[in-house]
Amino acid sequence: MRREHPTAVLDTQEQDGSAAATAVAHPNIALIKYWGKRDERLILPVTDSLSMTLDVFPTTTHVRLAPGAGQDEVTLNGAPATGEAGRRITAFLDLVRERAGSDLRAVVDTENTVPTGAGLASSASGFAALAMAAAAAYGLGLDDTALSRLARRGSGSASRSIFGDFTVWHAGPDTGDLDAADLGSYAEPVPTADLDPALVIAVVNAGPKPVSSREAMRRTVDTSPLFRPWADSSRDDLTDMRAALTKGDLEAVGEIAERNALGMHATMLAARPAVRYLSPATVTVLDQVLQLRRDGVAAYATMDAGPNVKVLCPRADAQRVADAVRAAAPDSTVLVAGPGPGARLVDEGGR
Ligand code: DP6
């Protein structure tokens, strides 16, 4: 399922003649997790990962080149981007400028509909949209594979949000040749049989997380005795996951995703000091997922760097799963997502 979209076209020419582009991207949820980098600068992961792009919480990013400006001007949800978020975006724009041979600063305006920092992958949709809009505005002329590599440099998981539906992100060859690794580390669509899945998202806490996923990942790789065994088993999980997707066996997909996510959390719990994102409400939802299975519903849970739970199930059971999760965790916000589209350029009207 390959999407066509107009890559590297300028969708607007502003009144002062400067180039501008707007892109929309959706978050993705990993079913085989990315957890651990082997190169921090290039954002090369230790393992391959596999995700489903969602049809909720899009990020829309507008990039306009600003001739004469002395610095980038970045706005996130209407407020100037400060601190780490602002630094990461400027560093990313520096990379785009280096490739474009340009020293023009940019005005970046981003509307994020996902709660930032809540373990719902706002950086995935954010850097996928930024990569696509900035590449177009600076005239880089990149195809989807190159955009995926570029988005990876902003945030690893963003490499997967360039594509819709199910996507695999290749770690790239690990031979010590960093150029080859950089070139080989990109995402691409995964062919699947008909699955008709839903992801029931239980936001049990929308606040910012105590430890950033970047720091938690680093600490896990550096100190957790469980990291290497998990990374090794994750390779087998990916093989099994691909087979389950090809067969259209949603129950197996869920089972593999759940064991992979619980294993990832085990690596963090064993880090020194431990990183524990799972809260009492998380465990309550996990118990309810077990109960649903006992009642014959093929529901399986996955969690990222935060307390929120995403429950994979057949679309036909999504309402029942959502009701059960709401009943178990009445303070949570529950919504149902499905497979969503890849990143795309849009015009000013959002089309
Ligand atoms: C737990 O992509 O946010 O969501 O590359 O440091 O920006 P950086 O990390 P990020 O990590 C996502 C980790 C995860 C699992 C996943 O999405 O695969």
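The analysis underlying the following values was restricted to heavy atoms, covering all of them including side chains, and did not include hydrogens, waters or symmetry mates. Atoms within each ligand, like the ligands themselves, are counted from 1 in listed order.
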The atoms of ligand 1 lying under 4.0 Å from a heavy atom of Arg88, numbered in the order shown, are 7 (O)
> Is the backbone N or O of Thr110 less than 3.5 Å from a side-chain atom of Thr61, with the two atoms forming a donor-acceptor pair by type?
Replying inline: no
Examine ligand 1 and decide if any of its atoms is less than 4.0 Å from a heavy atom belonging to Ser49. no
Requested in this report: State whether Arg97 and Asp72 are salt-bridged, where the test is any N-O pair (Lys NZ or Arg NE/NH1/NH2 against Asp/Glu carboxylate O) under 4.0 Å.
Outcome: yes
Note: ligand 1 atoms sitting under 4.0 Å from heavy atoms of Trp35 are 1 (C)
With no hydrogens and no angle check, do the side chains of Ser148 and Thr145 hold a donor and an acceptor under 3.5 Å apart? no
Q) Between Arg272 and Asp222, is there a side-chain N and carboxylate O pair less than 4.0 Å apart? A) no
Check whether the ring centres of Tyr186 and Trp169 lie less than 6.0 Å apart, and answer yes or no. no
Of Ser155, Ala261, Pro45, the one whose closest heavy atom lies nearest atom 10 (P) of ligand 1 is Ser155
May I ask you to say whether Arg38 pairs ionically with Asp174, meaning some side-chain N is under 4.0 Å from a carboxylate O? yes
Counting from 1 in the order shown, the ligand 1 atoms closer than 4.0 Å to a non-hydrogen atom of Ala305 are 1 (C)
_Please confirm whether His265 approaches ligand 1 to less than 4.0 Å, judged on its heavy atoms._
no
- Under 3.5 Å between some N or O of ligand 1 and some N or O of Tyr34? yes
- Query: Is the backbone N or O of Gly338 less than 3.5 Å from a side-chain atom of Asp55, with the two atoms forming a donor-acceptor pair by type?
  - Reply: yes
A student checking ligand 1 against Ser123 at a 4.0 Å heavy-atom cut-off should list atoms 3 (O)
**OP:** Would you please say whether a donor-acceptor pair under 3.5 Å links the side chains of Asp237 and Asn260?
**Re:** yes
I'd like a table of donor-acceptor pairs (distance under 3.5 Å, sequence neighbours excluded) in which one partner is a side-chain atom from residues 42-51, with atom names and distances.
| from | atom 1 | to | atom 2 | distance (Å) |
| --- | --- | --- | --- | --- |
| Asp48 | OD1 | Ala171 | N | 2.7 |
| Ser49 | OG | Arg160 | NH1 | 2.8 |
| Ser51 | OG | Asn28 | OD1 | 3.4 |
| Ser51 | OG | Arg160 | NE | 3.1 |

Per-atom filter on ligand 1: closer than 4.0 angstrom to a heavy atom of Ser157 are 2 (O), 3 (O), 10 (P), 17 (O)
* Does Lys33, backbone or side chain, put an N or O under 3.5 Å from an N or O of ligand 1? -> no
Here the atoms of ligand 1 under 4.0 Å from any heavy atom belonging to Ile43 are 5 (O)
If you compare Arg160, Arg153, Arg152 by their heavy atoms, the one closest to atom 16 (C) of ligand 1 turns out to be Arg160
| said: Counting only nitrogen or oxygen atoms and a 3.5 angstrom limit, does Gly156 reach ligand 1? | reply: yes
Item to complete: Could you establish whether Lys37 and ligand 1 come within less than 4.0 Å of each other, counting only heavy atoms on the residue side?
Response: yes
Minimal heavy-atom distance between Thr192 and Phe166, with the atoms involved, is CG2-CD1, 3.8 Å
Out of Met217, Met268, Glu40, the nearest non-hydrogen contact to atom 11 (O) of ligand 1 is supplied by Met217
So for Ala30 against ligand 1, with non-hydrogen atoms under 4.0 Å, the contacting part is side chain
